[in-house]
Number of protein chains: 2
Amino acid sequence: MAAPRLGKVQLQIMQVLWQSGGATARHITDELSKTSPIAHSTVQTLLRKLEAKGAVTHEIVERTFVFRPLYQESEVTETVTRDLLTRIFGGSVYGMVAHLLKSESVSPDELRRLRTLIDKEGKK
Amino acid sequence: MAAPRLGKVQLQIMQVLWQSGGATARHITDELSKTSPIAHSTVQTLLRKLEAKGAVTHEIVERTFVFRPLYQESEVTETVTRDLLTRIFGGSVYGMVAHLLKSESVSPDELRRLRTLIDKEGKK
DNA sequence: GGGGTCGATCTACCGCAGTAGACGAAAGTA
DNA sequence: TACTTTCGTCTACTGCGGTAGATCGACCCC
């Protein structure tokens, strides 16, 4: 099992791929440029680096590379979340949730859904 | 207010400082070496880098540097947690907590305490 | 006083993310 | 056919975290 360390932009690229299932470098550049401009060659470089570490693969469709994610979203979410949980909160889920409730504004509706979630979890 | 990005070892150094209030480089080296060996000069280099970005300061006590943290623990916790929340969970506290409950094993006792916490939060 | 110890500094290197220009090939277009 | 666009590759550089050896100065002990 890989413990994939992804940079900030690399993660954004993966997110575009997860969302679309597969995309050309051009599509990714366009998507990322919506929020902040980035050179096409930068995206291509990062895609090659991602491929080098096994995060993505590509196939050629009409002379153009179509990239597909190899890392699963759940896998990456897992890794980075557990990493934070361990390093910052000493592994305490309670500590982490407590911090979230204290420092982030959570709507009453979200709180309700959280309570439901926890109840369901307790019944398992 | 700084939103400082700290590396892995840099964070460990800060944690030693938060725990002790203030410490010499030697003390930090010893503490960190308990888990994995690290050269004293590495710690010193990182301390200088941390000082350069305003994360720590030092005073001289009997010809030895005693370092003190300038970044507050809460501040760093805040920054990195919100960073993850935003980048991975699109800002959804619910999404993040749901992931934690699903992928981390949470004891019944912890679940109870979490429910209590949420109830308290709902009453505010 | 001379050698060992300890602290701080200097310097240098590696790895990786991010950045992007330059270049060449191919394909469409006027 | 010649121009333009698009794509992928090559190359290179910056910044930063992490790594640590080499060195210098001060202090302590015999």
Side-chain angles (χ1 to χ4, degrees), chain A residues 2-17 22-33 35-68 71 76 79-80 83-84 87-88, chain B residues 2-17 22-33 35-68 71 76 79-80 83-84 87-88:
Chain A
R5 235 182 225 69
L6 299 176
K8 191 171 159 299
V9 182
Q10 288 181 352
L11 178 63
Q12 292 175 332
I13 290 176
M14 294 303 291
Q15 285 170 334
V16 172
L17 291 178
T24 62
R26 175 58 59 189
H27 177 69
I28 295 170
T29 301
D30 292 343
E31 284 299 308
L32 296 191
S33 293
T35 57
S36 91
I38 188 170
H40 185 50
S41 60
T42 300
V43 173
Q44 285 174 313
T45 301
L46 291 180
L47 278 168
R48 266 184 296 117
K49 287 184 178 181
L50 283 170
E51 187 155 25
K53 66 172 128 182
V56 307
T57 185
H58 77 268
E59 54 197 47
I60 300 178
V61 176
E62 292 172 16
R63 296 172 180 74
T64 300
F65 285 14
V66 176
F67 291 89
R68 294 186 163 279
Y71 287 173
V76 173
T79 301
V80 297
D83 189 60
L84 185 78
R87 291 208 331 264
I88 300 284
Chain B
R5 277 237 186 301
L6 298 175
K8 190 171 161 300
V9 182
Q10 288 181 353
L11 178 64
Q12 291 175 333
I13 290 175
M14 292 305 290
Q15 286 170 333
V16 172
L17 291 178
T24 61
R26 175 59 59 189
H27 177 69
I28 295 170
T29 301
D30 291 344
E31 285 297 309
L32 296 191
S33 293
T35 58
S36 91
I38 188 170
H40 185 49
S41 59
T42 300
V43 173
Q44 285 174 313
T45 301
L46 290 179
L47 278 168
R48 266 183 297 118
K49 289 184 178 180
L50 284 170
E51 186 154 24
K53 66 173 129 183
V56 307
T57 185
H58 76 268
E59 54 197 46
I60 301 177
V61 176
E62 292 172 17
R63 305 179 201 297
T64 301
F65 285 13
V66 176
F67 292 89
R68 294 185 162 279
Y71 289 173
V76 173
T79 300
V80 297
D83 190 60
L84 185 79
R87 291 207 331 265
I88 299 283

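In what follows, chains are A, B, ... by sequence order, proteins preceding strands, each numbered from 1. Values below: all heavy atoms of this structure, side chains included; hydrogens, waters and symmetry mates excluded.
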For [X] and [N], give me the distance from atom [atom1] to atom [atom2], rounded to whole Å.
X	N	atom1	atom2	answer
A/Glu59	D/dG8	CD	P	13 Å
B/Phe67	C/dT9	CZ	C1'	12 Å
A/Ile60	D/dT6	CD1	C1'	15 Å
A/Gln10	C/dG15	CD	C1'	13 Å

Side chain of [X], heavy atoms from C-beta onward: which of [options] has the nearest atom to it?
X	options	result
A/Ala25	D/dG8, C/dT19, D/dT19	D/dG8
A/Arg48	D/dT9, C/dG18, D/dA20	D/dT9
A/Arg26	D/dC7, C/dG7, D/dG18	D/dC7
B/Thr64	C/dT19, C/dA17, C/dG7	C/dG7

Protein heavy-atom contacts under 4.0 Å, written 5' to 3' over nucleotides 21-27 of chain C as B (base), S (sugar-phosphate only) or - (none), form the string B----SS

Would you say the side chain of A/Lys49 and the base of C/dG18 hold a donor-acceptor pair, judged only by whether the two atoms sit under 3.5 Å apart?
yes

Does A/Lys8, at its NZ atom, have more than 12 non-hydrogen atoms belonging to other residues, nucleotides or ligands within less than 6.0 Å?
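For A/Lys8, atom NZ is not crowded (no more than 12 foreign heavy atoms under 6.0 Å).
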
Residue pair B/Val56 / B/Arg68, side-chain heavy-atom distance below 4.5 Å
no

With a non-hydrogen cut-off below 4.0 angstrom, is A/Ile38 in contact with a base, only sugar-phosphate, or nothing?
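The residue A/Ile38 makes sugar-phosphate contact but no base contact.
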
